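Predicted model only: the values in this text are computed from it and were never measured. Note that these values count all heavy atoms, side chains included, but never hydrogens, waters or copies made by symmetry.
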Amino acid sequence: MHLVRLGPVNQERPAVVAGGTTYDLTGLTPDLDGGFLAGGGIAAVRAALEAGELPELPDASSRRVGSPVARPGAIICIGMNYAEHAAESGSAPPDVPIMFLKTPNTLAGPDDPVTIPPGSERTDWEVELGVVIGKRALYLDSPSRSLEHVAGFVIGNDVSERQYQLADSGGQWSKGKCAPGFSPLGPWLVPADEVDHTDLRLRSWVNGEPRQDSTTADMIFGVEHLVWHLSRYLALEPGDVIMTGTPQGVALSGKYPYLRPGDVVELEIEVLGRQRQEFVAAEVA
C-alpha cells in the first residue's frame with residue numbers, strides 16, 4: 001500500500017492507495033504525521049483496508065500530491081554516501097557518516113515547482129532514498145535494532161545550491177540546503193516491510209536527459225548503520241526523515257550544467273514512484 005497526502009498546500013488529506021484505488025483516511029487520522037506513525041497508524045490502515053471500512057476519495061487523480069509526511073521535526077541528511085559521488089565531488093569516501101540538517105520548511109510535494117534562489121548560479125539536483133522514522137530511536141545498541149524504528153521509505157530530492165553550500169558555508173553545508181522547496185518528498189510513503197531497501201534503482205533526468213543511475217547497494221553506509229549511528233548523537237523522533245545520500249551524476253561533477261529557470265528534473269526510485277519538478281526563477285520584490 002502507498003500512503004499519500006492529497007490537496008492544496010497546508011490542506012492535504014491523508015489517503016492510501018491500494019489495488020489501484022485511493023481511499024480517504026480522514027476517519028482514521030487527521031494527517032500522516034509523527035503521531036500517526038508512532039501510534040500504530042500503518043497497522044490500523046491495513047486493518048481498515050482488509051475490513052473494507054475505508055471510503056474512496058473522490059477525484060483523487062485530479063488533486064495535488066503533497067509530501068507523504070506532514071511536518072517532520074527534522075530532516076537529517078547524509079553527505080557523500082556513495083563512493084562515486086564522493087569522487088566526483090573531489091573527496092575521499094568518508095570514514096564515518098557526514099551529517100547535516102535541512103529545515104522542515106524546505107518540505108514540498110513531489111511535483112511542486114522549485115524556486116531557484118535569487119542570483120543562484122549553482123542549483124543542483126540529488127535523487128535520494130528517504131527513511132521515515134516511526135518509533136523514537138536513541139542510543140540504539142546495534143544496527144540490527146534499526147528497522148524496528150523505521151516506518152517506511154520515500155523518494156527525496158535533496159536540492160542544493162553549491163555556492164552557498166561550499167563557498168559561503170563557513171564549513172557547514174546547510175546554507176546551501178535550506179531554501180524554500182528544497183526538499184520535495186514523495187509521492188508515496190511505502191511501509192518498510194514492503195520494500196527491499198538494500199538494492200533499489202535510483203535515477204534522475206534533466207529535461208529528459210539521463211543524469212543519475214545507480215542502486216542503493218552502492219551506499220557506503222546502509223540504512224541500518226545510519227539509523228544506529230545517528231541515534232548515538234541525537235534522538236530520531238517519529239515523522240523525522242533521513243535523506244541517505246545521492247549517487248554520482250549531479251551538476252557538481254562538472255559534467256552537466258547547473259539548473260536554470262524552465263529546466264525540468266525528474267527522479268525515480270523503483271517501488272517508491274516518481275517525481276517531476278519544474279525549476280522557476282525567484283520573484284524579487
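- Taken from CH2 in Trp228 to OG in Ser146, the straight-line distance is 9.0 Å, to the nearest 0.5 Å.
- When all heavy atoms are compared, the tightest approach of Asp112 to Gly109 is OD2-N, 2.8 Å.
- Residues Leu28 and Leu54 meet the side-chain proximity criterion, which asks for heavy atoms closer than 4.5 Å.
- Side-chain contact of Gln212 with Ser204: a donor-acceptor pair under 3.5 Å is present, judged by distance alone.
- Shown are Glu128, Glu266, Gln277; of these, the side-chain hydrogen bond (donor to acceptor under 3.5 Å, both in side chains) with Asn157 is made only by Gln277.
- For Pro191, the side-chain contact (heavy atoms from CB on, under 4.5 Å) partners at least two apart in sequence or on another chain are Met1, Ile42, Arg46, Asp193, Glu194.
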Please test Glu12 against Arg64 for salt bridge (Lys or Arg N to Asp or Glu O under 4.0 Å), starting from the C-alpha separation and ending with a verdict.
CA-CA 8 Å; Glu12 295 91 345; Arg64 168 189 169 269; 2.9 Å; yes
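- Within a 6.0 Å radius of CG in Asp196, other residues, nucleotides and ligands contribute more than 12 heavy atoms.
- Look at Arg276 and Asp111 and you find no salt bridge, because none of the NZ, NE, NH1 or NH2 atoms lies under 4.0 Å from a carboxylate O.
- Within the 4.5 Å cutoff, side-chain heavy atoms of Leu6 are placed close to those of Leu57.
- Shown here is Asp199, whose CG atom has more than 12 heavy atoms of other residues, nucleotides or ligands within 6.0 Å.
- Here the side chains of Ile155 and Leu185 are not in contact, with every heavy-atom distance at 4.5 Å or above.
- At least one side-chain heavy atom of Trp125 sits under 4.5 Å from a side-chain heavy atom of Tyr256.
- Between atom OG of residue Ser160 and atom CD of residue Gln165 there is a gap of 5.0 Å, rounded to the nearest 0.5 Å.
- For Thr244 (side chain) and Leu129 (main-chain N/O), a donor-acceptor pair under 3.5 Å exists by modelled atom type.
- For the atom pair Asn105 CG and Leu107 CG, the distance stands at 9.0 Å (nearest 0.5 Å).
- Side-chain polar atoms of Thr123 and Ser120 form a donor-acceptor pair below 3.5 angstrom.
- Looking at Val227 and Val150, their side chains come closer than 4.5 Å, going by heavy atoms from C-beta outward.
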Kindly indicate, with the supporting measurements, whether the criterion salt bridge (Lys or Arg N to Asp or Glu O under 4.0 Å) is fulfilled by Arg162 and Glu126.
CA-CA 12 Å; Arg162 303 299 190 186; Glu126 297 189 22; 2.7 Å; yes
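- Looking at every heavy atom in both residues, Ala18 comes nearest to Leu49 through CB-CD1, 4.0 Å.
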Stepwise, does the salt bridge (Lys or Arg N to Asp or Glu O under 4.0 Å) test hold for Asp213 with Arg203?
CA-CA 4 Å; Asp213 191 347; Arg203 292 187 287 173; 5.0 Å; no
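- One distance of note links CG of Leu37 with CG of Leu32; it measures 7.5 Å at 0.5 Å rounding.
- A side-chain donor-acceptor contact under 3.5 Å links Asn207 to the backbone of Val264.
- Residues Arg63 and Asp59 are not paired through a salt bridge, judged by the lack of any N-O separation under 4.0 Å between the basic side chain and the carboxylate.
- The SG atom of Cys178 lies 8.0 Å from the CG atom of Leu101; values are rounded to the nearest 0.5 Å.
- Between the Asn81 side chain and the Phe221 main chain, a donor and an acceptor come within less than 3.5 Å of each other.
- Partners of Glu237 under the salt bridge (charged side-chain N to carboxylate O under 4.0 Å, His left out) rule, at least two apart in sequence or in another chain, are Arg136.
- Taking each heavy atom of Leu252 and Tyr258 in turn, the nearest pair found is CA-OH, 3.4 Å.
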Assess whether side-chain contact (heavy atoms from CB on, under 4.5 Å) is satisfied between Val190 and Val154, documenting all intermediate values.
CA-CA 7 Å; Val190 182; Val154 296; over 6 Å; no
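- By the 4.5 Å heavy-atom criterion applied to side chains, Pro94 and Ile220 are counted as neighbours.
- In this pair, His225 and His229 present their aromatic rings parallel. The plane angle is below 30°, not in the 30 to 60° band.
- Counting heavy atoms from C-beta outward, Leu230 and Ile78 have side chains that approach closer than 4.5 Å.
- Heavy-atom minimum distance, Gly79 versus Trp173: CA-CZ3, 3.7 Å.
- For His149 (side chain) and Lys135 (main-chain N/O), a donor-acceptor pair under 3.5 Å exists by modelled atom type.
- What you find for Phe36 and Asp31 is that their closest heavy atoms are CB-O, 3.5 Å.
- Glu161 has its side chain out of reach of Asp124: every pair of non-hydrogen atoms, C-beta onward, lies at least 4.5 Å apart.
- Between Lys102 and Asp158, at least one side-chain N (NZ, or NE/NH1/NH2) sits under 4.0 Å from a carboxylate O, which counts as a salt bridge.
- Here the shortest heavy-atom pairing between Pro187 and Pro110 reads CA-CG, 3.7 Å.
- Here the rule is side-chain contact (heavy atoms from CB on, under 4.5 Å) with Phe153, and of Thr216, Val132, Leu200, Val223 only Val223 fits it.
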